[in-house]
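Data first, discussion second: the structure below is written as structure tokens.
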Amino acid sequence: MKRITSFLLLAAIVGVLYLFVADTYKWWPFLPTTQTVKIDETPNVVTEIKAIKRFTTACYYADVTVSKDKASDNWLKNLLRQRDRICLIGHGTIRAGYDFEKLPDNAVKIAGDTLFVKLPPVQVLDTICNPQDCEVFIDDGNWPHDRVQSIHTDLQNTLVDDAMQSKILEKAAQSGKIQLEKLFKSFGFTTIILN
């Protein structure tokens, strides 16, 4: 009986000693080993980036007004030197960012966990100013459909000009680099160099 007690006491001491050493040096045989993150090869990363297609990084919302006048079809108005007038108010959105569909294969380089990307230039991706989003403020006279369509095109061009004056491209480039760094870090890269 004495032998069994001393054997159990010795086993308990060895067990406690093993737990102490295993905890200190992390020698736990039943814990899973950590795996290193495997980064995809360059062509796979290029394919994933191209799958994003158009990456919007800035939007501009505005109301713009365009007015036009023309000689009247009415002889009395012409005699009085009055002209036909039209004024449209358009509500629109400009989206700017990167078009990754045009990204060449050599624009991405990988060195270990570092990613080098030569970004395409930031550009206006969409100009959204639908005719149903336009209000007619003044409609005096006879305006053919093709003339109204050209005025709507002028609205879109004015919207783009306003967005450019508000520096939408600079804002899109600045915001885009921050968002892309976060995105590429989620792919497993630790260092991101964007040009």
Sequence neighbours excluded, the answer for salt bridge (charged side-chain N to carboxylate O under 4.0 Å, His left out) partners of Asp126 is Arg54, Arg95

Does a side-chain heavy-atom distance below 4.5 Å link Tyr98 with Val122? yes

From the options Ile192, Val117, Leu119, select the one residue that forms a side chain to side chain contact (heavy atoms under 4.5 Å, CB included) with Leu180. Leu119

In this structure, CD of Glu101 is separated from CZ of Phe55 (nearest 0.5 Å) by 14.5 Å

Students should find that the hydrophobic cluster of Phe116, defined by side-chain heavy atoms under 4.5 Å apart, otherwise consists of Ile193

Considering only residues two or more places apart or on different chains, which pairs with a residue in residues 160-181 satisfy salt bridge (Lys or Arg N to Asp or Glu O under 4.0 Å)? none

Could you pull out all residues at least two apart from Asp99 that satisfy side-chain hydrogen bond (donor to acceptor under 3.5 Å, both in side chains)? none

Thr57 backbone acceptor or donor facing Ser175 side chain under 3.5 Å: yes

Set of residues satisfying side chain to side chain contact (heavy atoms under 4.5 Å, CB included) with respect to Ala58, sequence neighbours excluded: Ile168, Ala172

Between CG on residue Leu159 and OG1 on residue Thr93, distance to nearest 0.5 Å: 7.5 Å

State plainly whether one hydrophobic cluster holds both Leu183 and Leu125, where clusters connect Ile, Leu, Val, Met, Phe, Trp and Tyr through side-chain heavy atoms under 4.5 angstrom apart. no

Contact between His91 and Tyr61 at the side-chain level, heavy atoms closer than 4.5 Å - yes or no? no

Answer whether the closest heavy-atom distance between the side chains of Leu115 and Thr191 falls below 4.5 Å. no

Between Thr190 and Lys185, the two heavy atoms sitting closest are O-CE, 3.7 Å

Taking only residues two or more places apart in sequence or in another chain, which ones pass side-chain hydrogen bond (donor to acceptor under 3.5 Å, both in side chains) with Gln174? none

